[in-house]
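Report on the structure given below.
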Number of protein chains: 2
Amino acid sequence: MTTSIKDVAQLAGVSVATVSRVLGNGPVSAALRAKVEAAVAQSGYRPNLSARRLRSQHTHTIGLIVSDIRNPFFTAVSRAVEDVAYQSGMRVILCNTDENPDKEAMYLRLMQEERVSGVIFAATRATAEALDVAGLGFPVVMIDRAGPSARCDAVLLDNRAAAAQLVEHLLGAGYRRIGGLFGNTSSTGAERHAGFVEAMAAAGLSAAARFVPPRWARFVAPSAEAARAEAAGWLREADAPEALIASNGLLLLGAVKAVREAGVAVPGQLALAGFDNDSWTELADPGMTVIEQPVDEIGRAAMEMLLERLQQPGRPLRKVVLAGRLVARGSSQARR
Amino acid sequence: MTTSIKDVAQLAGVSVATVSRVLGNGPVSAALRAKVEAAVAQSGYRPNLSARRLRSQHTHTIGLIVSDIRNPFFTAVSRAVEDVAYQSGMRVILCNTDENPDKEAMYLRLMQEERVSGVIFAATRATAEALDVAGLGFPVVMIDRAGPSARCDAVLLDNRAAAAQLVEHLLGAGYRRIGGLFGNTSSTGAERHAGFVEAMAAAGLSAAARFVPPRWARFVAPSAEAARAEAAGWLREADAPEALIASNGLLLLGAVKAVREAGVAVPGQLALAGFDNDSWTELADPGMTVIEQPVDEIGRAAMEMLLERLQQPGRPLRKVVLAGRLVARGSSQARR
DNA sequence: ATGAAAGCGCTAACAC
DNA sequence: GTGTTAGCGCTTTCAT
């Protein structure tokens with residue numbers, strides 16, 4: 001039996017309403033406030049958040065739905081989201097979907113049952129396009145990916161520009177036959193592919209691309225393994241590129257593994273570049289040229305947008321588009 | 001206004017109790033069940049979990065308190081915990097303490113207010129030793145670290161044995177002046193230090209150790225930077241070791257950065273070894289020799305222990321001690 | 001400023 | 001098998 005507000009009231013010789021007011025910094029005389037605080041301390045009372053939420057009709061809880069917390073991008077974003085959330089008195093419920101639309105649907109449903117105030121969501125393309133945000137009952141801020149038709153706030157990277165930047169960097173370093181490895185579950189992969197194709201076309205070059213499907217397996221970095229297999233196959237073919245772009249950190253990791261296994265020299269035989277400045281990209285030999293995403297900023301901005309949306313439900317939709325930063329390292333060293 | 005169980009009951013022409021029974025798979029005739037299910041589907045009803053928790057007095061929620069989700073060890077453990085939890089119908093509230101005892105206390109308090117069923121906790125040594133588990137009101141499973149006096153279930157690595165294994169590996173590779181870099185906030189660092197000292201003593205060697213204090217800063221891998229600074233200083237001294245052990249992945253990362261900056265050859269001038277088979281350790285050049293922790297197993301075992309404890313509150317305390325696995329790579333190659 | 005009382009949405013006795 | 005009813009612990013009118 002835990003102690004309730006009733007016990008505290010009795011102990012302090014006041015009504016439950018007064019205790020509630022003390023807890024909520026309501027108008028209470030100094031004398032009674034002191035008595036209540038003493039009773040709280042003595043009894044070790046802890047307010048029951050379920051009761052509070054039920055009665056007050058706000059949960060002070062948000063959902064954070066990502067594909068896999070083990071992806072360093074989402075790890076960093078989550079941490080930033082959580083910090084802002086806790087500072088604002090909000091809890092976070094974290095969900096991993098493994099890019100699986102069924103799990104996405106399940107967790108959205110769970111969020112409804114939790115009566116969350118809002119959700120920050122990195123959706124697959126399928127879900128982003130089909131999602132009826134209005135019917136959900138809470139606002140959604142999309143991160144990392146957003147369908148063209150998604151009617152909600154979003155915090156995104158300028159993916160086309162970033163991909164183009166990577167291509168221009170490689171062109172500047174003297175590479176011409178540039179290939180790309182892209183994920184195909186999220187809009188992010190599609191946008192980076194588009195930027196890649198555009199930049200190549202602008203240079204009068206054709207853009208060879210391969211797409212890596214999702215893997216919903218457990219306990220293995222799924223897309224990294226798929227990327228390794230895809231890259232390994234490509235490297236054996238006659239049209240193997242002289243430079244390779246990978247559209248996210250996991251795919252780049254897979255590409256590196258394939259290259260190692262094949263004994264291909266980087267950048268001598270194959271230059272490499274990709275997205276996400278994960279810690280290994282700096283330590284690998286040679287270091288990986290990457291587009292660094294402002295991960296903290298993405299998480300913080302998403303949480304702040306959600307808080308603002310909660311305060312002003314009617315305000316116009318907003319998209320925050322952040323720029324990536326090119327970090328040039330040895331893997332794309334200029335040809336000589 | 002969201003639809004409640006009352007609305008569904010009215011729509012189906014039954015009592016709320018019947019709706020509740022349908023939802024909870026209670027005894028209901030097929031005819032009524034069908035009507036209720038139709039009403040649920042038509043109204044888009046979602047049960048309110050706050051109300052359910054308040055009434056039923058169980059939250060089906062656990063707390064997971066770690067120092068920093070960005071530490072790959074905790075990332076992996078968290079994912080495993082969450083998978084088991086969701087499969088068992090439990091939610092997870094994740095908290096990052098940054099090794100800060102004040103935050104630990106704050107989050108434990110929050111867990112009480114949430115009336116969580118239990119908590120999985122990677123505590124600092126200070127908290128692990130002072131914690132009154134009995135007074136918390138919920139069971140705790142310690143992971144990664146445990147105070148000697150901690151009166152609760154735990155899932156741990158055999159830290160002494162693992163550290164000793166690392167030492168023996170280095171001795172076998174011909175290194176003698178072995179130094180160690182240890183964290184000093186958790187019992188883990190202390191145990192690994194003890195194993196290090198013992199193994200060195202067994203070989204008749206003295207064990208030079210340095211300790212890295214915690215850093216509670218934001219947005220920087222705290223202990224990695226501290227380790228870099230500590231290692232950088234040490235390498236400049238007259239008594240610089242010929243091999244260095246780092247007691248976790250972040251410290252090893254810091255050591256590598258120091259070594260790179262100083263232009264020290266690995267393993268030629270300094271051999272390196274540590275804990276945690278993080279992805280960069282394989283990709284770095286040379287690859288890092290590490291003790292791999294069974295991260296999935298740790299998370300899964302912790303969640304399962306907690307579930308068992310909830311079912312049998314009175315059962316004796318249990319400690320699961322898992323073995324680390326040595327992954328030998330180039331950073332500790334035999335001297336010649 | 002304080003207290004009495006209603007009720008948030010649900011489950012679990014208890015009656016039939 | 002089904003309905004009625006009493007709370008779970010709290011906030012929030014509404015009186016005073």
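For A:R21, there are no side chain to side chain donor-acceptor pair (under 3.5 Å) partners two or more places apart in sequence or in a different chain.
Here C:dA1 presents its P atom at 17 Å from NZ of A:K35, a figure rounded to the nearest Å.
A salt bridge between B:E113 and A:R52 is absent, with no side-chain N of the basic residue lying under 4.0 Å from a carboxylate O of the acidic one. For the pair B:E114 and B:R91, the salt-bridge criterion is not met [side-chain N within less than 4.0 Å of a carboxylate O]. Electrostatic pairing of B:R79 and B:E82 does not count as a salt bridge here, judged by no charged N lying under 4.0 Å from a carboxylate O.
Between C:dG3 and A:T18, a contact under 4.0 Å exists linking OP1 or OP2 to a side-chain N or O.
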For nucleotides 7-16 of chain D, give me one character per nucleotide, 5' to 3': B if any protein heavy atom sits under 4.0 Å from the base, S if the only such contacts are to the sugar-phosphate, - if neither. BBBBBBB---

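When all heavy atoms of A:L131 and A:M142 are compared, the closest pair comes out as CD2-CE, 4.0 Å.
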